[in-house]
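This report refers to the structure that appears directly beneath it.
Remember, it's 1-based here, ligands and their atoms both numbered in the order they're listed. Position 1 is the first residue of the sequence, and the numbers go up from there.
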Amino acid sequence: MTTVLAVAEHRRGELRDVSLELVTAGRELAEAVDGDLHVAVVGGDVDRFAEALNREGVDTIHTVTEGEEFNHDVTLQAVEALAASLEPAVVLLPNSVDGLDYAPAAADALGWPLVTDAVGLEADDRLVATREMYGSKVATTVAVEFPAVVSIRPTEWPAAEGLGDAAVEAFEFDLDEGAVGTTVTGFEEAAGGDVDISEADVLVSIGRGIGDEDNLDLVFDLAEALGATVSSSRPIVDAGWLEKNRQVGQSGKTVTPEVYLAIGISGAVQHVAGMKGAKTIVAINTDPNAPIFDIADVGVVGDLFDVVPALIEQFS
Ligand SMILES: Cc1cc2nc3c(=O)[nH]c(=O)nc-3n(C[C@H](O)[C@H](O)[C@H](O)COP(=O)(O)OP(=O)(O)OC[C@H]3O[C@@H](n4cnc5c(N)ncnc54)[C@H](O)[C@@H]3O)c2cc1C
């Protein structure tokens with residue numbers, strides 16, 4: 001039986017959202033190759049993670065108890081051992097900081113092709129992946145022979161939902177301690193404190209339309225009224241008005257809030273790449289032809305300096 005192996009991701013005791021997206025992508029791919037979906041989780045509270053990963057369509061979950069936080073060498077050895085044991089057609093992992101840390105090494109160690117940042121996956125007699133280029137302006141198709149290592153772009157697949165009845169098995173292998181040259185000593189928050197825009201339900205996002213750093217107070221007042229988090233387009237970060245960890249987009253963060261308010265943001269492809277997965281997009285812009293209105297669910301053509309104070313009054 002052909003196997004697809006998805007390697008879940010966790011950080012600081014929490015399973016990352018992309019892990020359940022991996023399950024969806026893995027399930028689709030397993031169906032396409034008429035195979036089984038196996039999910040592995042390496043390190044940390046594996047039993048709790050396995051419970052959360054036990055979703056419809058998952059056949060087996062492998063728990064690897066070595067390590068706590070992500071460790072390049074441990075994960076690499078575990079994935080190599082899992083691949084040797086399961087002989088999967090595909091190893092799927094997230095196109096994240098951690099995923100990209102070991103994906104090339106895993107592909108190299110296994111001698112398999114590597115496809116990164118896939119936004120679509122199909123299979124014929126080869127694996128066919130869709131990747132985007134030039135700021136999502138061009139979609140390319142990449143076909144590689146099985147078996148392959150593939151990283152998928154976070155937020156491109158919905159999180160798997162229905163509860164499953166997968167077998168949970170402890171996977172044991174001989175960890176070569178001598179080859180573990182890295183140790184996680186702790187975490188240091190990036191400047192900007194612990195603001196994590198990728199976890200926010202409501203984002204008030206500001207763009208160059210705000211005009212001046214002093215006007216940002218208005219945006220923070222709206223965020224407070226809505227119980228929202230402030231994010232921004234890149235020029236606001238480039239100007240040094242907000243910290244880098246608040247930037248949404250291709251070179252910033254990918255976000256999927258329930259509500260995304262794009263205020264004074266034109267909707268450049270590089271920005272849209274990071275927020276198009278928001279459930280409801282509300283755009284406020286003086287320019288009725290701004291591209292952001294093409295993807296907005298609710299559009300307000302107006303001056304933010306009129307509209308935002310009215311919203312604050314409404315929601316305070
Ligand atoms: C390799 C690369 C990576 C990039 N990565 C990112 C990224 O990660 N994130 C990102 O955001 N950008 C990114 N960019 C930049 C991107 O191309 C755009 O330049 C940027 O998104 C524009 O930001 P903006 O919409 O705030 O500004 P602008 O495009 O200048 O738009 C400002 C908008 O505000 C409106 N406006 C002006 N005054 C008002 C007012 N009073 N009330 C209401 N509306 C008003 C205007 O009509 C306009 O639509 C990247 C570019 C490159 C080349």
For [atom], what is the closest protein heavy atom, and at what distance to 0.1 Å?
atom                    : value
atom 26 (O) of ligand 1 : S233 OG, 2.5 Å
atom 53 (C) of ligand 1 : Q270 NE2, 3.9 Å
atom 7 (C) of ligand 1  : Q247 NE2, 3.1 Å
atom 44 (N) of ligand 1 : T286 N, 3.3 Å
atom 47 (O) of ligand 1 : N285 OD1, 2.7 Å
atom 1 (C) of ligand 1  : Q250 NE2, 4.0 Å
atom 42 (N) of ligand 1 : L304 N, 2.9 Å
atom 37 (C) of ligand 1 : G209 CA, 3.4 Å

Hey, is S266 touching ligand 1 through its side chain, its backbone, both or neither, going by heavy atoms under 4.0 Å? both

For V248, which part has a heavy atom under 4.0 Å from ligand 1: side chain, backbone, both, or neither?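 Backbone only.
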
Please find the pair of heavy atoms, one from [X] and one from [Y], that lie closest to each other, and give the distance.
X    : Y    : answer
T182 : H72  : OG1-N, 4.2 Å
E122 : L29  : O-CD1, 4.3 Å
Y260 : S205 : OH-OG, 2.6 Å

One finds that the ligand 1 atoms under 4.0 Å from a non-hydrogen atom of F305 are 41 (N)

Ligand-side contact atoms (ligand 1) for residue partner G252, heavy atom cut-off under 4.0 Å: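 Selected atoms, number and element: 8 (O).
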
Hey, what do you get for [atom1] ([X]) to [atom2] ([Y]), rounding to the nearest 0.5 Å?
X    : Y    : atom1 : atom2 : result
Y102 : S151 : OH    : OG    : 9.5 Å
L37  : R55  : CG    : CZ    : 13.0 Å
L261 : L304 : CG    : CG    : 11.5 Å
F171 : E66  : CZ    : CD    : 11.0 Å
D212 : L218 : CG    : CG    : 12.0 Å
R153 : T130 : CZ    : OG1   : 11.0 Å

Does [X], backbone or side chain, put an N or O under 3.5 Å from an N or O of ligand 1?
X    : value
A268 : no
D303 : yes
G264 : yes
G207 : no

Among side-chain atoms of N95 and T116, is any donor-acceptor pair under 3.5 angstrom? no

Side chains of E169 and T60 only: does a donor on one sit below 3.5 Å from an acceptor on the other? no

Looking at ligand 1, does G302 have a heavy atom less than 4.0 Å from it? yes

Could you tell me if any non-hydrogen atom of P235 lies under 4.0 Å from any atom of ligand 1?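 Under 4.0 Å: yes for P235.
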
Would you confirm whether the ring centroid of H10 sits within less than 6.0 angstrom of the ring centroid of F49?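 So the answer is yes for these two rings.
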
For V308, the option from D221, I263, V219 that meets side-chain contact (heavy atoms from CB on, under 4.5 Å): I263

Between the candidates [options], which shows the shortest non-hydrogen contact distance to [atom]?
atom                    : options          : value
atom 2 (C) of ligand 1  : K253, R234, K244 : R234
atom 6 (C) of ligand 1  : G249, S251, G211 : S251
atom 11 (O) of ligand 1 : H271, R208, M275 : H271

